[in-house]
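In what follows, a single structure is set out as structure tokens and then discussed.
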Amino acid sequence: MTPSIACPVKCRPHPRLAPQPPAPSLELLAARGAPAAGELRASRSPPYLSLSRSADSFESRAPCLGSASARRARAAVALGGDGQSAALIAGAQSRHAIFSDELVRRAFAAAEAAHRGQVRASGDPYLQHCVETAALLAELGAGPAVVAAGLLHDTVDDAGLGYGFISEHFGAGVADLVKGVSKLSHLSKLARRNDTASRIDEADRLRIIFLAMEDARAVLIKLADRLHNMRTLDSLPKNKQQSFAKETLEIFAPLANQLGILNWKEQLENLCFKYLCPDKFDELSTSLTEFYNRDLIAAATRRLEQALQVRGLSYYAIYGRHKSLYSIYSKMARKKLVMDEIYDIHGVRVILENKADCFAALEIIHHLWPRIPGKFKDYINSPKPNRYQSLHTVVLTEETLPLEIQIRTRDMHLQAEFGIAAHWRYKEVAARSCCTSVSEMVEWVRWVITWHCQTLNTDHPSSLARDASSKETHTIPSHSDACLSSYSKQCDHKGPVLVILLENEKMSVQEIPQHWTIVDLLNRSSNSGMPLRLRLNSHVVHNWNQELKMGDVLELIPSTPCKCRGYTREFHQKFDHRLAVSQS
Ligand SMILES: Nc1nc2c(ncn2[C@@H]2O[C@H](COP(=O)(O)OP(=O)(O)OP(=O)(O)O)[C@@H](O)[C@H]2O)c(=O)[nH]1
Ligand SMILES: Nc1ncnc2c1ncn2[C@@H]1O[C@H](COP(=O)(O)OP(=O)(O)OP(=O)(O)O)[C@@H](O)[C@H]1O
């Protein structure tokens, strides 16, 4: 912890003139992605990089598990796996109790058997990826079905397990989740092949299709899968790194944002940044050491809490965050600023009872620290057009670094988190249009996810919404309509329908009016000759007049052979396999 500095803050120069001592060199090395092997195990990335903020890799935890050797042995016997997989489950159990759940243990055993002998590009056992994906879900507080599906998520596509097998042994719920992830993986692969991420409109539409999935939890599992893949991207060739990073930045990071999983969003963005702009990433992470203080937020929060208590001002929450490297980079690029012009690298938020308390807190804050002129904004008396309300001020802390403080009431906070002014909208809708039905869908998905993931409910003040209003528990999806905290599912929304068209090995995400049939779409589509056959969601189409629904995948099989036969064959094999799976 940085000791508080007694010097009068008024005489402290601007950070540009009084640079902070650089962060420890180990961290810098880690930040640049070039640590020696031993250092990598010993160090963590600096928090501002947020490359793996809350989950240590298994490797870095394994050495601490000596005392768990008995548990490992028991696991090996019980699961019939080898020593390596026994160590994997023991490692996971030491991190998350849910890995001792009976369903999860059985899922681990099935994944172990299915992936036995398979290795990742890094040479690591494939099973390790399944465990890390499931561990990310466990960190969010997901329940046994989601964690089990996380373990099994690749067993259909990559290890030939059938839907029937998973359903029989783990129940239809887990099997549907695995099938959902498999569908998402398939679409994502097509998107990478077709470079969908480069076409912003199509990337947006694809994300909407993901959100419209039958069960939002499949998206959560796919995100965890992608986050672990991004963390281990070093083992892939450069072109694949680029294509994964591009797709992640355009599709998966915004999805994580829409779902409200900001920690994952930041990690994904930072990793994409590292692979897409390595030089800029290195340059900015080096510069940031001058403007970054790990302990500043905790110290400022404590100081503010004490001051509010002394004045007898009660508050709902005080918390802070370090701005992520990618967010800093984006703001610099967007506003054409240099780093020392970014005043919210360190930010604190105070949530109070009413307006008068907000202004009283503002006064206290300005007594604690000198304000930076020109940075005060009163969005309480002058709300933004989207009804966003808050007081913003920037002060100079003892560490001679600027600190942005946002002050708002609980109602204003709910509006800023969940309402029209919700942060995800504020971030994305400014650039792209977003219809009401999509917003409703996002609300629904966020709600489903937070309902299912304990930590999303409890460790962030956004949960103020539910803490205060959810008096009783309801089950998904039959959440009671009478309950005030209820959202109703809006996937059958009134907006346009989005479907995926596969035509001559090219994928496009098409927007069509409601009630359009296959024939309507064919009439509009660019294909010249009539296709010999059509498949809709892997099934041969007999009735071309049937209506298309949100997320449908329509495949046009060309009448004449085309150049990319290998791909066609592979594609059909996949579809035939999926057909067999869905019929089994
Ligand atoms: N949820 C939500 N947050 C907002 C909105 N507008 C501003 N904010 C928050 O307030 C911060 C600063 O906003 P402003 O004070 O308007 O700042 P600015 O003019 O964009 O730029 P800087 O002062 O350079 O940060 C943002 O970084 C957000 O965290 C909004 O409409 N919705
Ligand atoms: N002062 C603050 N205190 C606490 N949380 C904050 C503060 N400012 C922003 N946040 C939250 O931090 C998360 C990440 O925000 P980030 O800084 O990347 O974007 P932003 O605040 O919208 O900034 P900008 O648009 O200025 O780049 C969001 O959830 C945001 O609500």
Side-chain angles (χ1 to χ4, degrees), residues 47-50 53 253-254 256-270 273 288 291-292 296-298 300-301 304 315-351 361-362 365 369 371-380 382-395 397 401-409 411-431 434 439 442 446 456 459-465:
Y48 58 78
L49 289 177
S50 188
R53 186 175 268 178
N257 185 36
Q258 289 180 321
L259 263 50
I261 312 168
L262 299 174
N263 179 306
W264 288 10
K265 176 213 167 212
E266 286 184 3
Q267 290 185 47
L268 289 170
E269 284 178 344
N270 282 346
F273 184 32
L288 188 54
F291 299 100
Y292 177 86
L296 185 153
I297 287 174
T301 305
L304 182 54
Y315 52 87
Y316 280 107
I318 301 186
Y319 61 96
R321 64 101 184 86
H322 287 94
K323 199 176 184 72
S324 79
L325 190 68
Y326 181 74
S327 182
I328 293 171
Y329 163 73
S330 306
K331 190 164 185 170
M332 286 168 66
R334 200 172 61 238
K335 297 193 159 193
K336 306 214 174 351
L337 299 172
V338 292
M339 197 176 283
D340 69 357
E341 291 168 315
I342 304 291
Y343 289 91
D344 64 341
I345 292 174
H346 303 86
V348 164
R349 190 173 281 160
V350 196
I351 300 167
L362 179 73
I365 286 164
W369 298 283
R371 51 195 280 194
I372 293 184
K375 300 304 293 178
F376 171 67
K377 284 173 198 153
D378 179 357
Y379 292 124
I380 289 188
S382 310
K384 289 181 58 166
N386 63 4
R387 305 215 294 268
Y388 174 79
Q389 287 187 290
S390 253
L391 297 176
H392 294 179
T393 185
V394 181
V395 296
T397 63
L401 289 169
L403 168 68
E404 183 202 64
I405 305 185
Q406 299 179 350
I407 309 163
R408 49 175 82 151
T409 66
D411 286 346
M412 292 168 192
H413 181 65
L414 295 185
Q415 173 69 9
E417 291 289 308
F418 297 106
I420 303 280
H423 195 263
W424 69 267
R425 282 201 189 95
Y426 158 71
K427 290 263 56 135
E428 282 169 31
V429 179
C434 184
S439 300
V442 170
R446 281 175 81 110
L456 287 178
D459 73 356
H460 191 276
S462 304
S463 63
L464 282 171

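The chain is numbered in sequence order, starting from 1. Remember, it's 1-based here, ligands and their atoms both numbered in the order they're listed.
The closest approach between Lys375 and ligand 1 falls below 4.0 Å for a heavy atom of the residue. Heavy atoms of His392 come nearer than 4.0 angstrom to ligand 2 in no pair at all. Heavy-atom separations between Gln415 and ligand 1 are all 4.0 Å or longer.
For Glu269 (side chain) and Glu266 (main-chain N/O), no donor-acceptor pair under 3.5 Å exists by modelled atom type.
To the nearest 0.5 Å, atoms NZ (Lys384) and NZ (Lys377) are separated by 8.5 Å. Note that the NZ atom of Lys265 and the OG atom of Ser327 stand 6.0 Å from one another [nearest 0.5 Å]. Here the CG atom belonging to Asp344 is positioned 10.0 Å from the CG atom belonging to Leu403, to the nearest 0.5 angstrom.
Under 4.0 angstrom from ligand 2, the non-hydrogen atoms of Lys323 all belong to its side chain. By the criterion of a heavy-atom distance under 4.0 Å, neither the backbone nor the side chain of Tyr343 is placed next to ligand 1. Contacts with ligand 2 closer than 4.0 Å are made by side-chain heavy atoms of Lys331 only, the backbone lying farther away. Here Met332 has no heavy atoms under 4.0 Å from ligand 2, in either its backbone or its side chain. In Asn386, the part holding a heavy atom less than 4.0 Å from any atom of ligand 1 is the side chain.
Counting the atoms of ligand 1 from 1 in the order shown, those under 4.0 Å from a heavy atom of Lys335 are 18 (P), 19 (O), 20 (O), 21 (O), 22 (P), 24 (O). Near Arg334, meaning under 4.0 Å from any of its heavy atoms, are these atoms of ligand 2: 24 (P), 25 (O), 27 (O). The contact set between ligand 2 and Gly347, taken as ligand atoms under 4.0 Å from a residue heavy atom, comprises 1 (N), 2 (C), 3 (N). Under a 4.0 Å criterion applied to the non-hydrogen atoms of Val348, ligand 2 contributes the atoms 1 (N), 2 (C), 3 (N). Close contacts between ligand 2 and Leu262 involve ligand atoms 29 (O) [criterion: under 4.0 Å to a heavy atom]. The Asp344 neighbourhood of ligand 2 comprises atoms 23 (O), 26 (O), with distances under 4.0 Å to a heavy atom of that residue. The Ala416 neighbourhood of ligand 1 comprises atoms 1 (N), with distances under 4.0 Å to a heavy atom of that residue. Near Glu404, meaning under 4.0 Å from one of its heavy atoms, ligand 1 places the atoms 11 (C), 12 (C).
For ligand 1, one of its N or O atoms has an N or O atom of Lys331 under 3.5 Å away. In terms of polar-atom proximity, Gln406 is counted as a contact of ligand 1, with an N or O under 3.5 Å from an N or O of the ligand. Taking any N or O of Tyr379, backbone or side chain, at least one lies under 3.5 Å from an N or O belonging to ligand 1. The shortest N/O to N/O separation between Arg349 and ligand 2 falls below 3.5 Å.
No side-chain heavy atom of Glu404 sits under 4.5 Å from any side-chain heavy atom of His346. For the pair Tyr329/Leu325, no side-chain contact is recorded, criterion being any heavy-atom separation below 4.5 Å from C-beta on. For the pair Leu304 and Ile318, the minimum side-chain heavy-atom distance is below 4.5 Å. Side-chain atoms of Leu362 and Phe376, non-hydrogen and from C-beta on, do get closer than 4.5 Å to each other. At least one side-chain heavy atom of Arg349 sits under 4.5 Å from a side-chain heavy atom of His413. Residues Ile365 and Ile407 are in side-chain contact: their nearest non-hydrogen atoms beyond the backbone lie under 4.5 Å apart. Annotation: side chain of Ile328 is not in contact with side chain of Phe291 (no heavy-atom distance under 4.5 Å).
The closest non-hydrogen atom to atom 15 (O) of ligand 2, taken over Lys265, Glu269, Arg321, comes from Arg321. Of the candidates His392, Arg321, Lys377, Arg334, it is Lys377 that places a heavy atom closest to atom 17 (O) of ligand 1.
A search for side chain to side chain donor-acceptor pair (under 3.5 Å) contacts involving Thr409 returns nothing, not counting sequence neighbours.
Asp411 and Gln415 share no donor-acceptor pair across their side chains, judged by distance under 3.5 Å alone.
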